[in-house]
Amino acid sequence: MGVLAENLAILGLQWGDEGKGKLVDLLSGRFRNVVRFQGGNNAGHTVVVDGVSIALHQVPSGALHEGCFLGVGSGVVLNLEVFLQELDRLAKRGFDLSGRLLISDKAHIILPHHIALDKWREGGLNKIGTTGRGIGPAYEMKAARMGVRMGDLLHPDTLRERISHGHAEVAQLLGPGAGLASVEDTARDLLAIAQPLLPLIGDIQDHLWSAWRRGESILFEGAQATLLDIDHGTYPYVTSSNCSIGGLFTGTGLPPKALSHVLGVAKAYTTRVGAGPMPSELLDATGDRIRDLGREFGTTTGRPRRCGWFDAVITGHACRVNGVDGLGLMKLDVLDGFDQVGLVVGYRDGEGRVGTRIPSCIQDWNDLKPEIKYFKGWSTPTRGIQDPARLPAEARAYLDALTESVDTPIAYLSTGPDRVEGYVEPGSFLANLL
Ligand code: GDP
Ligand code: IMO
Ligand code: MG
């Protein structure tokens, strides 16, 4: 396969777990560099090859392609222990990343007291159903200028001091009963764990800039999704990074001109894990059926995902925020065999008005009810379809309405978890790009 010279972003358009990992894996054979730019091990990206499933949390999903250089950008927060475990698991499966992995010296480190603080908060009234991986506190410390960066590991003499500021604040808040390790032990343990990663620390901005100028292609791998974005999502029920398009630039240091195309990823229905508004949620047997058929249990925490019909209000919002060129529409096969399939085309407020915009304030979500349009289901399975001509007419009608409702065409249709299940839509931007 030839390598592309144009750069592509793959971004989630709902509340995460749309199938970004599958698409990054599928397309990364055509890119020289694959880079993660935000998030941490709250992400769980599943790649399925020949029936074998591999879950990636912090390592970019281009790992399975030998010719792919992998980058971890400055906007990422890293749990080093988990990162090493992931490298180890990949090595055991025959994927050697040596010589093709670079971690930004500006990426922040998730420390044990960040995890303790995350869990402590989740035990209180402000519980938002986080993954409990310390993501929020790691980003808080970054913003408060008390974070510890990968580059600090190269200055062991000052590491203890870098850790001490944030550590002192968390220790004061949680009290002696929390059993936090001392600053000395934290610094010592961190340095010991980090040893194998030290040679991988470098200037990813410089690497990507040079690659771009040489005409090497870059695939930007988003984690989480627009509705979990700290600015453009359902705040405060969001993660702590900018998972939509803006985070790509701050999280790599590349300018907007370095991005050519945006592939937005959405399921043919909606899921959410954790608390927060979800007007499309089906708290009935239909929701249970989608969960069972779609195996909607979190890759990272194993929690059951909340399920509902495709929500054009949130996904349309995400398409606009990110300037999506085309949809990667995933898991159509999960809707096989339903008598009817719903599409949320608007929200009805307490006064009976129907709108297609999402509220900014959490209080304004409470009264919203989904306005659902129903479509006839299809009895011929779509699972594994690789040719648009084989799509049942009812599925085509549903997809036409869906793309119209978000004003964005389909670029890739996914009909199963494996690399080979699905097709690039003829005539789409992706077909022209590949
Ligand atoms: P990500 O976080 O966006 O990468 O998504 P996850 O990996 O957390 O969740 C998506 C799940 O759906 C994974 O288990 C994938 O293997 C699976 N998957 C992806 N595409 C399809 C599809 O078209 N059909 C089915 N049935 N499963 C899919
Ligand atoms: P991928 O990349 C789905 C959710 C959590 C919680 C909220 C905040 O696999 O799509 P955090 O631990 O980030 O502070 O939790 O965000 N969340 C995700 N949900 N997929 C993800 O990642 C997620 N990452 C975080 O469930 O509601
Ligand atoms: Mg996931």
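What's counted below: heavy atoms across the whole structure, side chains too, no hydrogens, waters or symmetry copies. Counting convention: from 1, in listed order, for ligands and their atoms alike. Fair warning: this is a prediction, and the values are worked out from it, not measured in the lab.
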Before accepting this row, confirm whether a basic side-chain N of the pair [X]/[Y] lies closer than 4.0 Å to the acidic partner's carboxylate O.
| X | Y | value |
| --- | --- | --- |
| Arg383 | Glu421 | yes |
| Arg291 | Asp288 | yes |
| Glu296 | Lys331 | yes |
| Asp105 | Arg149 | no |

Can a side-chain donor-acceptor contact be found between [Y] and [X] if the only test is distance below 3.5 angstrom?
| X | Y | value |
| --- | --- | --- |
| Asp311 | Tyr269 | no |
| Asp118 | Thr130 | yes |
| Asn242 | Thr250 | no |
| His207 | Asn33 | yes |

Is Arg36 reaching over with its side chain to a backbone N or O of Gln38, donor-acceptor style, under 3.5 angstrom? yes
Close-contact set for ligand 1 against [X] heavy atoms, below 4.0 Å:
| X | answer |
| --- | --- |
| Asp333 | 22 (C), 23 (O), 24 (N), 25 (C), 26 (N) |
| His45 | 1 (P), 2 (O), 4 (O), 7 (O) |
| Gly19 | 1 (P), 3 (O), 4 (O), 5 (O) |

Polar atom proximity, [X] to ligand 2 (N or O, under 3.5 Å):
| X | answer |
| --- | --- |
| Val273 | yes |
| Ser240 | no |
| Asn42 | yes |
| Asp17 | yes |

Which residue holds the protein heavy atom closest to [atom], what is that atom called, and what is the gap in Å?
| atom | result |
| --- | --- |
| atom 22 (O) of ligand 2 | Gln224 NE2, 3.4 Å |
| atom 4 (O) of ligand 1 | Gly21 N, 2.8 Å |
| atom 10 (C) of ligand 1 | Asp17 O, 3.6 Å |
| atom 2 (O) of ligand 1 | Gly44 O, 2.9 Å |
| atom 23 (O) of ligand 1 | Ser414 OG, 2.5 Å |

Decide, counting backbone as well as side-chain atoms, whether Gly44 has an N, O or S atom less than 2.8 Å from the Mg ion (ligand 3). yes
For a distance under 2.8 Å, tell me if Asp17 has an N/O/S atom near the Mg ion (ligand 3). yes
Using a 4.0 Å cut-off to any heavy atom of Arg303, which atoms of ligand 2 qualify? 5 (C), 26 (O)
Against heavy atoms of Ala223, which atoms of ligand 2 measure under 4.0 Å? 2 (O)
Should the pair Phe338 and Trp309 be assigned to parallel (<30°), tilted (30 to 60°) or perpendicular (>60°) ring geometry? perpendicular
Take every heavy atom of Gly416, measure it against each atom of ligand 1, and state whether any distance is under 4.0 Å.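 True for this residue.
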Answer with yes or no whether Gly12 contacts ligand 1, where contact means a heavy atom under 4.0 Å from a ligand atom. no
Give a yes or no on this: more than 12 heavy atoms of other residues, nucleotides or ligands lie within 6.0 Å of atom CD of Gln85. yes
Proximity to ligand 1 by part of Val48, non-hydrogen separation under 4.0 Å: side chain
Structural part of Arg305 in contact with ligand 1, heavy atom criterion under 4.0 angstrom: side chain
Would you indicate whether the side-chain heavy atoms of Ile135 and Thr131 approach each other to under 4.5 Å?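 They are in contact (side-chain heavy atoms under 4.5 Å apart), so the answer is yes.
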From [options] - option closest to [atom] by heavy atom:
| atom | options | answer |
| --- | --- | --- |
| atom 11 (C) of ligand 1 | Lys331, Gln14, Lys22, Arg295 | Lys331 |
| atom 8 (C) of ligand 2 | Val238, Asp118, Ile230, Leu228 | Val238 |
| atom 7 (O) of ligand 1 | Val47, Thr46, Val24 | Thr46 |

Between [X] and ligand 2, which residue portion shows a heavy-atom distance shorter than 4.0 Å: side chain, backbone, both, or neither?
| X | value |
| --- | --- |
| His45 | side chain |
| Lys20 | side chain |
| Tyr237 | neither |

